[in-house]
Amino acid sequence: MSNPDDEKKYWLEEPGNINKIFYGVIGLCVLVALPKVLTLLDILLFKQGRFELADFFVFYTFFGVIGYVMMILLAKKLRRFLMRDEDYYD
């Protein structure tokens, strides 16, 4: 006969894990909302750029997205150059 104390406990039954999920979802929501807040600030705040292109609406948003995409594409190319065989250290 099995003892109720011997039952398997699942990770979601721990109160600490529920808090981790809750704060993780809150953090994800903040990360998703941050670009929208920055774009709204771009509308509301006056800015004086060092060069003429920086004065355009949401320039820094597009600059950041293009920089991020370029970084990912460069990392994919760099991975092909740096990648070793699976048994390289054997």
Side-chain angles (χ1 to χ4, degrees):
M1 193 137 150
S2 68
N3 189 354
D5 295 332
D6 293 339
E7 289 184 23
K8 183 178 178 183
K9 290 196 90 172
Y10 295 97
W11 66 274
L12 199 53
E13 292 176 1
E14 298 290 329
N17 291 336
I18 294 172
N19 289 338
K20 289 177 188 175
I21 292 173
F22 175 74
Y23 290 119
V25 168
I26 295 295
L28 186 63
C29 290
V30 168
L31 285 176
V32 168
L34 188 61
K36 294 173 180 85
V37 170
L38 293 177
T39 303
L40 181 64
L41 285 175
D42 193 26
I43 294 169
L44 298 175
L45 298 176
F46 174 76
K47 60 186 180 303
Q48 178 93 22
R50 290 184 182 250
F51 49 95
E52 193 172 329
L53 190 61
D55 292 334
F56 288 123
F57 174 67
V58 297
F59 167 75
Y60 290 106
T61 304
F62 288 122
F63 186 74
V65 169
I66 290 170
Y68 180 74
V69 168
M70 295 300 291
M71 186 171 46
I72 296 299
L73 294 175
L74 180 65
K76 285 177 117 178
K77 297 290 184 190
L78 191 60
R79 180 179 181 270
R80 288 186 183 147
F81 176 70
L82 295 176
M83 190 169 59
R84 302 288 181 235
D85 292 334
E86 186 174 327
D87 58 349
Y88 179 74
Y89 290 107
D90 286 339

query: Linking Ile, Leu, Val, Met, Phe, Trp and Tyr through side-chain heavy atoms less than 4.5 Å apart, which residues share a cluster with L82?
result: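 Joined to L82, directly or through intermediates: L78, F81.
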
- prompt: Mind checking whether I18 and I21 sit in one hydrophobic cluster, side chains of I, L, V, M, F, W, Y counted as touching below 4.5 Å?
  reply: yes

task: Among I66, I72, L74, find the residue that satisfies the side-chain contact (heavy atoms from CB on, under 4.5 Å) test when tested with M70.
output: I66

- prompt: Does CD in E13 sit with more than 12 non-hydrogen atoms of other residues, nucleotides or ligands closer than 6.0 Å?
  reply: yes

